[in-house]
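Scope of the values below: all heavy atoms of this structure, side chains included, with no hydrogens, waters or symmetry mates. So that the names make sense, note that chain A is the first sequence line, chain B the second, and so on, each numbered from 1.
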Amino acid sequence: VILALGAIVAVTGGALGIGAWGVRWARTTSDLFVASRAITPWWNAAAISGEYLSAASFLGVAGLTMRSGLAALWLPVGFTAGYLALLLFVAAPLRRFGSYTIPDFVEGRLRSRTLRRASAITVLAIGGLYLVPQLRGAGLALGEAANVPYGVGIALAAAIVWVSVALGGMRAVTYVQAFQFWVKLVAISLPAFLIVAHLGGLPERAALLGQELPRAPEGGLVVQLDAPHAVTFPRAARYEVELRGARFVPRRATADERVVLPAGAVRLPAGEVVPVADGIRAQTGMEWARPAGGEGRGSPLFIYSLLLATFLGTMGLPHILVRFYTNATGSAARHTAVRVLGLLGLFYLFPVVYGLFGRALLPELYVTGDTDLVVLRLPAAALDGIVGELATALVSAGAFAAFVSAASGLLVSAAGTVAYDLTPAPGPGADEDRVRRRRFRLAAVAAIGITSLLAVAARGLDITILVSWSFAVAASTFCPLLLLGIWWSRLTARGALAGMLAGGLSASGGIVAALIVGSAAEESLLTQPAVVSVPIAFATMILVSLADTPPPRQAVAAAMYALHVPEDAARGGR
Amino acid sequence: MSGGARVDRRELGEATSHGQLYVDRLRAAHLTLSGVALVAFGGLVGALPLVALAWPSIESRSVAGVPLGVLLLLAPYPVFVVIGAVYARRADGLDETFAALVDEGEGRSGPGGDRALDDGADPDLTDGPVRTRPPTP
């Protein structure tokens, strides 16, 4: 516990230290948003990856793999593929255009204040949806490391993020985010190597891939429950529950029986099939190891919808595009994106290790439903003594770094949007810079406060459902806006607005419906609506634009020039 | 090289029909290149879920102790890097070809008034006051 906490403090302190050191170079308001532009593609790529690898990647991917099987691994494939879309269609033109927030781009390209405001509100919605699961991840990580209640962990995490953002330098300095990337990569890979080496490959292969359902290990399984908890027994089983006075009472469950277990300890004898919490399907090793097929997450339509949302949604995440602006040229922006593809691919080799071993070694997480904890718990379960403790400290620090870097990036984007896009310019005589800065800090407090409350409420939600939501909304609003805005001269402001509305509403509608239906819809297409909402958004945007009066030729030509002509040609000579 | 095949840099910025033609052609070339890369991505990675679906008993096979499903789902990452790297090289090539077509014109200054150009690629610019937002009208 001490080690884990120490590692978290060290990593956070290190990041803040680099940030404070960097602040000396980043004094003006502008640098609060964008760092210098003389940073090499490698630094930039590490920074982008650092900011992108959030709690959803660090904890969520492994947790989801353990929970629903290998089909969950399409998620990181999509997370990475998003950078390919960004590389192919957006990175270089947007860098050349000189915009690095979507509201900026919209106003520069389509000359509409209304659309700028609409985009700003969408930025807040996407940022908020993405921020809540980050805070939830931080609450979990702190809860595991410091043994504090979930709500307290979230409050602590929120305070740390706010301080680092308000200090100003944190985000502006690319080096902080680059540092965070390497912390995360080491934190997930080193324990994974240790675990694989210690267990000598995959000795529990039979349990993983055979016909078996997860079973209680030798010596039985004891699960501590804080509150009464509903589970379903996939097979008939004997178990014991603790009553007052530490007396264990034997019970029996029939196959497929749903039982509410009382708070306290529950004991399962060795070899008994473990019950699963609501929202988890008990799967045999065969079902679990199938990358596609079957129901839920494995159904092909679900997979394609997920790939579409992540492929097209990444470009619409507010905290990502900004980073590309720190490239010197459009060409450098492209090379940065290629390096990001490599770095993310490297990182995503490792979460699967935790998912695989978690299924064999931590069956109690199926009982409690907290599969998101698998990365944090596995090192101690697989490794003995001091090595286990060190590895646990490392993953805790990595999870926290994942959370802090993503959350502070999102918070800067959200607060910046409020301070610059949604509030009127200060009156004459006022010091504009100071007014904006004060608004920025207030907006940051409000944003982190609201999302913290939502995160407390979202305790029982899977980290990934909210992340999927933000990707789906981004793919259905900003993706068509960017793609058509950059590549299609005929786009009009009215068409863009209509398309964003149609896409955003259809994407959100599906997910809201899924949340209302509850865990029954957890792996249905409702939670992954992109396959429907993205075509709706594109079609609306194109049709309404065509019906509208064409935009002025001169203005469009100037915008296309700014977007597409390489710097060499524009400046003349090199 | 004849002058007729080239375009004056000033014409580009002033959106004369001649200059605009060149910008349109550049944009079309880039879009084609991106489209080809997208098709390559779609063919290699987009087909994977179907491969996984059609492959009988994939869940019970393993290579050197690693389940085949895991290998299948890790395979896309190197493919991304290869597609990305090839694309970036080709795209740079298109840009260079275009830059070579542009005449120097008389003056050294680019077509003024455009934000993207003023703001642009000065390798010496380290951390001076970078303009953040475009001037709001």
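- Looking only at heavy-atom pairs under 4.5 Å with chain A, the residue among B/Pro76, B/Ala52, B/Ala85, B/Ala91 that has the most is B/Ala91.
- Of all heavy-atom pairs spanning A/Trp487 and A/Met560, the tightest one is C-CE, 4.4 Å.
- Considering CG of A/Leu563 and CG of B/Leu26, their distance stands at 11.0 Å, rounded to 0.5 Å.
- In this structure, chain B has heavy atoms under 4.5 Å from both the backbone and the side chain of A/Pro76.
- In this structure, chain B has heavy atoms under 4.5 Å from both the backbone and the side chain of A/Leu73.
- With a 4.5 Å cut-off on non-hydrogen atoms, B/Leu50 touches chain A through its backbone and its side chain both.
- Taking a cutoff of 4.0 Å between a charged side-chain nitrogen and a carboxylate oxygen, B/Asp95 and A/Arg96 qualify as a salt bridge.
- With ring centers used as reference points, A/Tyr83 lies 6.0 Å or more from B/Phe80.
- Note that B/Arg25 lies in the cation-pi zone of B/Tyr22, set by a 6.0 Å cut-off to the ring centre and a 45° limit from the axis.
- Looking at B/Leu94, neither its backbone nor its side chain comes within 4.5 Å of chain A, counting heavy atoms on both sides.
- Residue A/Val352 touches chain B through its side chain alone, counting heavy-atom pairs closer than 4.5 Å.
- Ranked by heavy-atom pairs under 4.5 Å with chain B, the first of A/Gly330, A/Ala81, A/Ala85 is A/Ala81.
- In this structure, chain A has heavy atoms under 4.5 Å from both the backbone and the side chain of B/Leu31.
- Between the side chains of A/Thr65 and A/Arg359, no donor N or O sits under 3.5 Å from an acceptor N or O.
- By number of non-hydrogen pairs under 4.5 angstrom with chain B, the leading residue of A/Leu341, A/Leu349, A/Leu88, A/Ile486 is A/Leu88.
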| request: Apply side chain to side chain donor-acceptor pair (under 3.5 Å) to the pair A/His335 and B/Asp92, showing each step before the final yes or no. | output: CA-CA 10 Å; A/His335 289 277; B/Asp92 281 354; 2.7 Å; yes

